[in-house]
Amino acid sequence: MRKANYHTHTTRCHHAVGADEAYVLAALDAGFNVLGFSDHTPWPFRSGFVSNIRMGMEDLPDYITSVQSLRAKYADRIEMHMGLEVEYFPRYRDHLLRMRDAGMEYYILGEHYLESEEDHPYVGQSCATDDGVLRYAEAVAEALQTGLFCYVAHPDLYMRPRPVFDKVCEQAADIIAQAAREADVPLEYNLLGLDSQLTGHDRGYPCADFWSHLAGKGNRAIIGVDAHDPAMLKDTNLWNEATKRLTELHYPIQETLPLSYKEE
């Protein structure tokens with residue numbers, strides 16, 4: 001098996017800790033063969049909105065330079081890739097294409113906001129309503145239809161404000177799962193969420209009922225550390241627990257990404 005993680009953040013997002021190189025060294029210590037950086041994407045918000053949960057456009061050149069430099073430095077020890085965790089904001093689609101041309105190898109779909117962060121609330125709030133849950137699922141499906149994304153980060157994020165996995169939540173899971181199958185991309189089993197559950201600060205995902213509901217329906221899983229601290233990469237217990245849970249549900253676990261785009 002090749003041990004790979006493509007979901008790694010940096011301090012540029014304002015809610016992670018540790019130097020970029022510390023993540024690489026942690027990955028090496030933990031026996032990773034592949035490490036992908038995928039910090040929260042910057043957006044050129046036309047309204048002038050400034051986000052406090054992602055890098056600014058002025059940070060992007062340094063991000064690219066840093067990852068490229070580390071990739072060269074550790075080329076003989078670990079395979080490294082450069083990507084971003086991205087919402088799909090249709091009005092800024094051209095921005096995603098430009099960043100890809102600038103060297104981004106992959107985009108992880110992390111749909112934290114619908115349409116645009118500048119004028120829509122965090123889905124952890126909007127998904128408190130049934131309509132919000134279904135709009136989230138439909139937004140994920142729309143994003144996957146573009147062919148820009150290689151997997152869905154924390155697909156069960158909509159469960160964050162939901163106390164019960166009810167019929168609406170089942171419907172949302174089915175929409176997301178079908179879109180993922182059609183796009184031929186895996187769903188992420190998120191270790192940041194798993195860590196929060198095991199330490200008593202439940203984020204609502206990974207949702208056991210979500211994963212049980214979709215078991216046997218043809219979806220693949222991929223494990224994502226969602227590392228905001230180098231120490232998370234070293235926590236082999238989390239990785240092993242996720243592998244155990246997915247294996248018990250008979251999910252095919254995708255180890256690595258092809259890093260190819262299928263834009264229409």
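- Atom CZ of R91 has more than 12 heavy atoms from other residues, nucleotides or ligands within 6.0 Å.
- Distance alone, capped at 3.5 Å, is enough to place a donor-acceptor pair between the T129 side chain and the G132 backbone.
- Put simply, the side chain of Y107 does not reach to within 4.5 Å of the side chain of T146, judged on heavy atoms.
- A donor-acceptor pair shorter than 3.5 Å cannot be found between the side chains of S196 and D202.
- For D195 (side chain) and L192 (main-chain N/O), no donor-acceptor pair under 3.5 Å exists by modelled atom type.
- Scanning both residues, D226 and N5, for their nearest heavy atoms gives N-OD1, 4.2 Å.
- For the residue pair A4 and W239, the shortest heavy atom distance occurs at O-CH2, 3.1 Å.
- D209 CG to M159 CE: the interatomic distance, rounded to the nearest 0.5 Å, is 7.0 Å.
- Not a single side-chain hydrogen bond (donor to acceptor under 3.5 Å, both in side chains) links Y6 to another residue, sequence neighbours left out.
- V17 and M232 are members of different hydrophobic clusters when ILVMFWY side chains are connected at heavy-atom separations under 4.5 Å.
- Distance check: E111 CD to I108 CD1 gives 13.5 Å after rounding to the nearest 0.5 Å.
- A salt bridge does not link E115 with R135: every distance from a Lys NZ or Arg NE/NH1/NH2 to an Asp or Glu carboxylate oxygen is 4.0 Å or more.
- One finds the CG atom of L84 at 12.5 Å from the CG atom of L109 (value rounded to the nearest 0.5 Å).
- Follow the hydrophobic side-chain contacts under 4.5 Å out from Y189 and you reach L198 in the same cluster.
- Between the Y158 side chain and the A172 main chain, no donor and acceptor come within less than 3.5 Å of each other.
- Separating the CD1 atom in I253 from the CD1 atom in I222 is a distance of 10.0 Å, to the nearest 0.5 Å.
- Between H154 and Y205, the distance from one ring center to the other falls under 6.0 angstrom.
- A donor and an acceptor atom, one from each side chain of H14 and N52, are nowhere located under 3.5 Å apart.
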Legend entry - Residues F210, E170; criterion side-chain contact (heavy atoms from CB on, under 4.5 Å); working and verdict: CA-CA 7 Å; F210 172 96; E170 287 185 5; over 6 Å; no

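- Between the side chain of Y63 and the backbone N or O of F37 there is at least one donor-acceptor pair closer than 3.5 Å.
- With values rounded to the nearest 0.5 angstrom, S212 atom OG is found 9.0 Å from F165 atom CZ.
- Remark: side-chain polar atoms of Q254 are paired, donor with acceptor, to backbone N or O of T256 under 3.5 angstrom.
- Not a single donor-acceptor pair under 3.5 Å links the side chain of D59 to the backbone N or O of M55.
- A salt bridge does not link E79 to R71: none of the charged nitrogens lies less than 4.0 Å from a carboxylate oxygen.
- The side-chain hydrogen bond (donor to acceptor under 3.5 Å, both in side chains) check on Y251 picks up nothing, with sequence neighbours excluded.
- D174 and H213 share a donor-acceptor pair across their side chains, judged by distance under 3.5 Å alone.
- Of all heavy-atom pairs between I78 and N33, the closest is CG1-O, 3.4 Å.
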(Q) Test salt bridge (Lys or Arg N to Asp or Glu O under 4.0 Å) on R100 and E105; report intermediate values, then the result. (A) CA-CA 7 Å; R100 190 180 68 183; E105 296 177 82; over 6 Å; no

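- In the model, W211 has a side-chain atom that pairs as donor or acceptor with a side-chain atom of D156 under 3.5 Å.
- Residues forming a side-chain hydrogen bond (donor to acceptor under 3.5 Å, both in side chains) with E248 (at least two apart in sequence, or on another chain): K244.
- Applying the salt bridge (Lys or Arg N to Asp or Glu O under 4.0 Å) test to R162 and every residue at least two apart in sequence or in another chain returns D130, D166.
- The list of side-chain hydrogen bond (donor to acceptor under 3.5 Å, both in side chains) pairs with a residue in residues 15-30, not counting sequence neighbours, reads R12-D20, H15-H40, H15-H228, D20-S66, E21-K73, E21-Y74.
- E85 meets the salt bridge (Lys or Arg N to Asp or Glu O under 4.0 Å) test with no other residue; sequence neighbours excluded.
- Once rounded to the nearest 0.5 Å, the distance linking CD of E241 with OG1 of T236 reads 12.0 Å.
- No donor-acceptor pair under 3.5 Å is formed between the side chain of K3 and the backbone N or O of A27.
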Step by step, would you call R98 with Y92 a side chain to side chain donor-acceptor pair (under 3.5 Å)? CA-CA 10 Å; R98 287 192 297 271; Y92 296 117; over 6 Å; no

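- Judged by distance alone, with hydrogens and angles left aside, the side-chain atoms of T8 form no donor-acceptor pair with the main-chain N or O of S38 at under 3.5 Å.
- Between the side chains of Y151 and E188, a donor-acceptor pair is found at a separation under 3.5 Å.
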